[in-house]
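Worksheet for the structure shown next.
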Amino acid sequence: MNFGSTGEMAMSSVSAPLRGDYGGVQISLKDLADKLNSKQQEAVFLQWGPSLVIAGAGSGKTTVLTRRVAYLLSQLQQAPHSILAVTFTNKAAAEMRARLEKLVGTIVAKQLSIGTFHSICARLLRYDIESYISPEGFRWKSNFVIYDETESMSLIKEAIKKLNFDDKVFIPKEMRHAISAFKNDGKSSAQCARDAREYRDLRVSEIFTAYQQLLAKNNALDFDDLILTFTNLLAQNAEVRNKYRNRYKNLLVDEFQDTNQSQYRMIRLLSADEPFQSSAEERQRLWEGRSLMVVGDVDQSIYSWRKADFRIILGFQKDFKDSTMIKLEDNYRSNETILDAANSIIKNNSERIDKVLRCNRGKGDKIQCHAGSDEIDEAFFVVNELKRLKARGIALKKCAILYRTNSMSRAIEEILVRSHVPYTMAGGTRFYERAEIKDAISYLKLVYNGADGQAFLRCINNPRRGIGDTSLEKVSAFASQNGMTMLEAANRADSVGGLSAKAAKGLRDFALLVERWQNMTAALSVSDQLEMIMKQSGYLPKLEEEANSSKEEIAQDRVDNVKELLAVAKEFDSSADEPTLEAFLTRISLVSDLDAIKSGADAVTLMTLHSAKGLEFENVFLMGLEEGLFPHFRSFEAVPLLEEERRLMYVGVTRAEERLYLTWARRRSSFAGAGGTGTGNYTLVSRFLTEINPELLSGFEEPEAFYREPGVNNNGRGRGYEEGFGDKRSRFGDRENSSGGGYGSRSNGSGGYQEPSGYRDNDYSRGSGGSSGYGSGSSGGKYGSTTSGGSRYPQSNGAGSKGYTPAGQQRSGSTSPFVAGPSNSKPGPISSQQAKPRVLSRKTGDTTPQPIDPPVRDAIVNTNFEKLKSGDRVLHSKFGTGTVTQVIGDGDKELYQVEFATVSGQRVLDPRFAKLVKLD
DNA sequence: TGCCCGCCCCTTTTT
DNA sequence: GGGGCGGGCA
């Protein structure tokens with residue numbers, strides 16, 4: 001494949017549509033080309049036909065896409081409704097729309113179809129799904145609902161149960177995953193049944209079929225169905241296919257590297273008749289008046305777990321023979337240091353399109369690295385750097401904290417809250433996943449689609465209507481016997497045998513209530529409906545009563561959340577183009593919390609690396625750079641998985657414009673982290689960090705050297721954290737210079753510290769012994785990797801990583817000058833115990849110079865805990881809320897006596913260690 | 001029917 | 001270490 005050529009410019013000339021069709025957008029070529037480089041211009045000014053734009057990180061991809069749309073409108077005189085732009089997230093869609101509004105005006109922009117694959121498919125299916133019959137013979141009605149993971153999971157369970165399969169053998173979660181994978185590959189259950197060769201495959205296909213049947217029965221689709229169903233519909237129904245083909249003559253697809261087979265098939269079906277076999281002339285005729293532009297970057301493909309397949313992008317030119325390829329390699333986002341780091345990381349991957357990011361900016365600061373002693377310490381480092389940046393006049397909203405897994409947000413959040421640094425977070429406890437929100441939405445879903453059994457079950461006895469599981473089973477059986485929905489069966493509760501009078505009445509009353517709401521749908525706005533339903537159902541009164549009577553604050557939160565949903569509905573009523581219940585439910589089903597990030601307030605942004613794709617920040621903190629966490633231990637199994645992790649690292653690094661911080665914790669106490677079995681595992685720094693040219697880094701040493709730091713660190717940290725970068729750099733530079741011989745004297749001067757490379761060794765052996773650490777050795781174990789022996793590294797990391805060796809193996813312990821350390825630490829066999837005395841010695845006020853871990857925490861904790869006074873209300877992570885009853889001591893040694901409602905008696909807490917958050 | 005206890009699994013990443 | 005779910009008991 002020749003990725004070097006840029007191909008032909010045009011396939012044909014413009015054929016002008018009727019005047020006015022294109023909304024009268026007039027933008028001159030000069031304006032369209034303004035500030036674009038030649039490659040960008042080339043992409044914007046392409047004529048008809050298919051094209052592939054390889055757009056490196058920060059290469060102005062979104063600008064090209066929006067200008068391209070403007071060009072289609074103004075120069076190729078395309079009608080706004082002929083343009084379909086597909087993005088990967090709702091947020092990206094919103095941003096593209098906003099930028100287009102500025103470019104071509106609100107009225108025209110409103111007529112453009114911009115959205116995610118899911119939202120576009122959901123919208124189009126509303127019109128045409130009734131003409132669709134699935135390969136299994138199932139049908140849906142236009143008022144289908146979209147099932148989220150939980151709802152789809154209960155259907156999976158139901159399917160397994162219905163088939164009398166053992167859910168220990170066919171684990172629902174695995175089944176759901178398998179079915180999702182099939183769907184993303186474009187496979188129906190009928191196809192799976194045909195393809196099945198083994199017993200298990202066949203059973204899985206049966207579960208798949210049963211699941212689809214249940215979905216149809218509930219008139220529901222899951223996320224994957226949205227795309228697959230629409231794609232199948234296009235393939236199946238020529239009339240529908242032609243309708244959309246004639247309408248959407250100009251397709252643009254962003255983040256094309258994250259497209260899966262099902263999505264790609266949809267694009268092909270929409271774009272032009274199979275161009276694969278035809279002659280060049282035929283193809284030219286087919287593409288006359290049509291265009292397709294896909295934009296992507298293989299190096300940023302991070303969704304293979306969702307069956308995204310970046311090989312699609314590699315094969316695009318084969319599938320679309322006449323496609324033009326343009327590479328955008330000029331990066332306008334990051335400084336040279338950051339780009340060099342990004343390039344040095346990604347070059348370790350084998351499967352890529354050759355591409356180099358060229359820098360258009362200055363060198364910039366070195367990348368700041370920091371090893372925290374644990375995740376709290378790591379978080380403190382980040383927060384203190386944030387504060388320092390802020391003090392230098394840098395707005396918090398220009399900063400982002402990125403991490404591999406959502407669970408990592410807890411530590412940093414805690415410190416942010418405690419330090420009064422405002423933040424916004426994507427993900428975490430999701431609003432739409434809260435029980436009360438799902439309850440409220442279920443009521444709406446049931447009103448909208450009476451067939452929705454999941455919604456029915458969620459609402460029927462909530463609030464209590466005296467209808468228990470036994471009664472519901474009878475209703476359910478009656479419903480399926482008579483081909484009814486649960487709601488219909490409830491309406492005929494009298495005919496259902498064996499119900500108590502109370503249950504029967506409850507069911508009937510409920511059915512009537514829902515019916516009444518259904519009749520009022522057309523007359524009321526969404527928010528009015530929701531408000532009415534919440535009141536008349538007794539749901540909101542119940543919550544309010546709980547909030548009033550219960551001492552739990554959570555009860556009040558529930559009320560507030562429902563009111564928040566009401567506010568969302570009100571906002572929707574006033575802003576949506578089509579403020580219908582249907583549109584509201586569709587939107588709610590497809591939003592993610594990523595979309596909710598506010599850009600107004602000055603707050604630091606917290607999100608996962610995945611969520612960060614497509615965004616940019618002046619200052620980026622990348623946390624948790626530890627083997628097992630990032631790269632995640634699940635990726636150790638195979639090279640392609642590891643390469644995806646590396647791409648994720650590449651994405652993270654290239655988010656930064658000016659400053660990049662890379663941090664990790666030498667010990668992580670969360671359950672996850674190093675993939676261990678629980679508390680306090682020692683970690684290894686991520687291999688990705690070692691892949692970066694050391695000259696670009698400040699504060700990073702090869703792992704075995706970490707533990708020689710004490711002398712240096714004491715000096716440095718004695719001066720606290722309120723110093724500039726320059727200081728730090730020189731400090732580390734110092735150490736670099738002295739590496740080789742200077743440690744001996746240094747250690748004497750500082751009292752030294754037990755060389756701990758041994759305990760790391762020891763930690764390994766514990767790890768491989770199976771009790772802790774990752775790669776627990778057992779091949780069948782949940783966390784078992786392909787790791788063998790004492791090495792925690794997979795055997796398969798040959799693909800480009802620089803032969804990284806764990807520190808403990810490189811240096812086997814006793815050659816270090818530190819071994820002959822202070823008298824209070826014994827040389828010789830090193831046990832894991834020795835990790836602990838470091839902390840203990842601190843507490844006893846030992847005057848010997850401190851090892852590296854505690855001073856970090858202390859230096860920061862001392863200066864940052866919040867001064868409390870008697871009467872203050874505080875929140876403790878474990879004991880809940882309480883009131884300060886007494887302040888003991890003063891200054892940095894203040895202790896607080898706190899009375900907690902949940903814990904009998906009072907407790908004296910040291911604010912330096914206890915996590916106390918003042919409640920305002 | 002509702003509550004409580006104990007167990008199990010969890011922590012990739014998202015539409 | 002914790003949350004969610006299921007089973008058993010009041």
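These numbers come from the heavy atoms of this one structure, side chains and all, not from hydrogens, waters or symmetry mates. Being a predicted model, the structure only gives us computed values, none of them experimental. Letters go in sequence order (proteins before strands), and every chain restarts at 1.
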- Query: Which residues pass the side chain to side chain donor-acceptor pair (under 3.5 Å) test with Ser301(A), sequence neighbours left out?
  - Reply: none

- Message: Please report the distance, rounded to the nearest Å, between CZ in Phe88(A) and C1' in dT13(B).
- Response: 10 Å

- Query: Counting only side-chain N and O atoms of Asn406(A), is one of them less than 4.0 Å from OP1 or OP2 of dT13(B)?
  - Reply: yes

- Message: Does Glu149(A) reach a base, just sugar-phosphate, or nothing at all? Heavy atoms under 4.0 Å.
- Response: base

- Separation of dT14(B) P from Gln257(A) CD (nearest whole Å): 16 Å

- Starting at the 5' end of DNA chain B, which residue's closest nucleotide do you reach first, Lys502(A) or Phe117(A)? Lys502(A)

- Message: Please enumerate all residues that pass side chain to side chain contact (heavy atoms under 4.5 Å, CB included) together with Asn461(A), with sequence neighbours excluded.
- Response: Arg464(A), Arg465(A), Ile467(A)

- Item | Non-neighbouring partners of Ser304(A) that pass side chain to side chain contact (heavy atoms under 4.5 Å, CB included), sequence neighbours left out | Glu644(A)

Between the protein and nucleotides 3-10 of chain C, which nitrogen or oxygen pairs are less than 3.5 angstrom apart?
none

- Item | Interatomic distance where CG belongs to Leu642(A) and P belongs to dT13(B) [whole Å] | 18 Å

- Output yes if the stacking criterion (under 5.5 Å between centres, under 30° between planes) is met for Trp305(A) over the base of dT13(B), else no. yes

- Would you sort out whether Val620(A) and Ile401(A) count as a side-chain contact (heavy atoms from CB on, under 4.5 Å), showing the intermediate values? CA-CA 6 Å; Val620(A) 168; Ile401(A) 299 171; over 6 Å; no

- Task: Could you measure between the two P atoms, the one in dT13(B) and the one in dG4(C), and give it in whole Å?
- Result: 16 Å

- Message: Over all strands shown, is Tyr303(A) touching base, sugar-phosphate only, or nothing at heavy-atom distances under 4.0 angstrom?
- Response: sugar-phosphate

- Task: Calculate the interatomic distance between Leu609(A) atom CG and dT11(B) atom C1'; express it in whole Å.
- Result: 15 Å

- Check salt bridge (charged side-chain N to carboxylate O under 4.0 Å, His left out) between Arg311(A) and all other residues, then give those that pass, not counting sequence neighbours. Asp309(A), Glu351(A)

- Task: Figure out the OH/P separation between Tyr403(A) and dT13(B), and round it to whole Å.
- Result: 10 Å

- Taking the inter-plane angle between the rings of Tyr303(A) and Phe88(A) on a 0 to 90° scale, is it parallel (under 30°), tilted (30 to 60°) or perpendicular (over 60°)? tilted

- Residues that Asn164(A) engages under side chain to side chain contact (heavy atoms under 4.5 Å, CB included), provided they are two or more places apart: none

- Task: Check every atom of dT15(B), dT13(B), dT11(B) against the side chain of Lys173(A) and return the nucleotide holding the closest atom.
- Result: dT11(B)

- Closest listed nucleotide, where the reference is the side chain of His632(A) and the choices are dT14(B), dT11(B), dT15(B): dT11(B)

- Task: Kindly determine whether Tyr264(A) and Ile313(A) satisfy side-chain contact (heavy atoms from CB on, under 4.5 Å), including the steps that lead there.
- Result: CA-CA 10 Å; Tyr264(A) 184 47; Ile313(A) 211 173; over 6 Å; no

- Item | side-chain contact (heavy atoms from CB on, under 4.5 Å) assessment of Met623(A) paired with Trp664(A) | CA-CA 6 Å; Met623(A) 299 184 74; Trp664(A) 66 100; over 6 Å; no

- Message: Counting the atoms with a prime plus P, OP1 and OP2 as sugar-phosphate, which does Ile467(A) contact under 4.0 Å by heavy atoms, base, sugar-phosphate, or nothing?
- Response: sugar-phosphate

- Note on the structure: Among the nucleotides dT14(B), dT13(B), dT15(B), whichever has the atom closest to the side chain of Phe223(A) is dT15(B)

Collect all protein-nucleotide pairs involving nucleotides 2-5 of chain B in which both atoms are nitrogen or oxygen and the distance is under 3.5 Å.
residue	atom	partner	partner atom	Å
dG2(B)	OP1	Arg464(A)	NE	2.7

- Query: How would you list, by chain and number, every residue that makes a salt bridge (charged side-chain N to carboxylate O under 4.0 Å, His left out) with Lys173(A), sequence neighbours excluded?
  - Reply: none

- Distance check: side-chain N/O of Asn184(A) vs OP1/OP2 of dT15(B), anything under 4.0 Å? no

- Task: Quickly work out the Leu499(A) CG to dT1(B) P distance and round it to whole Å.
- Result: 11 Å

- Atom pair distance, as rounded to whole Å: CD1 in Ile171(A) and P in dC8(B): 14 Å

- Query: How long is the line joining NE2 of His177(A) and C1' of dT13(B), in whole Å?
  - Reply: 11 Å

- Would you mind telling me which of dT11(B), dT15(B), dT13(B) lies closest to the side-chain atoms of Ser407(A)? dT11(B)

- Message: Run the side chain to side chain donor-acceptor pair (under 3.5 Å) test against Thr231(A) and tell me which residues pass, sequence neighbours left out.
- Response: none

- Task: Check whether any side-chain nitrogen or oxygen of Ser119(A) sits under 4.0 Å from OP1 or OP2 of dT15(B), and answer yes or no.
- Result: no

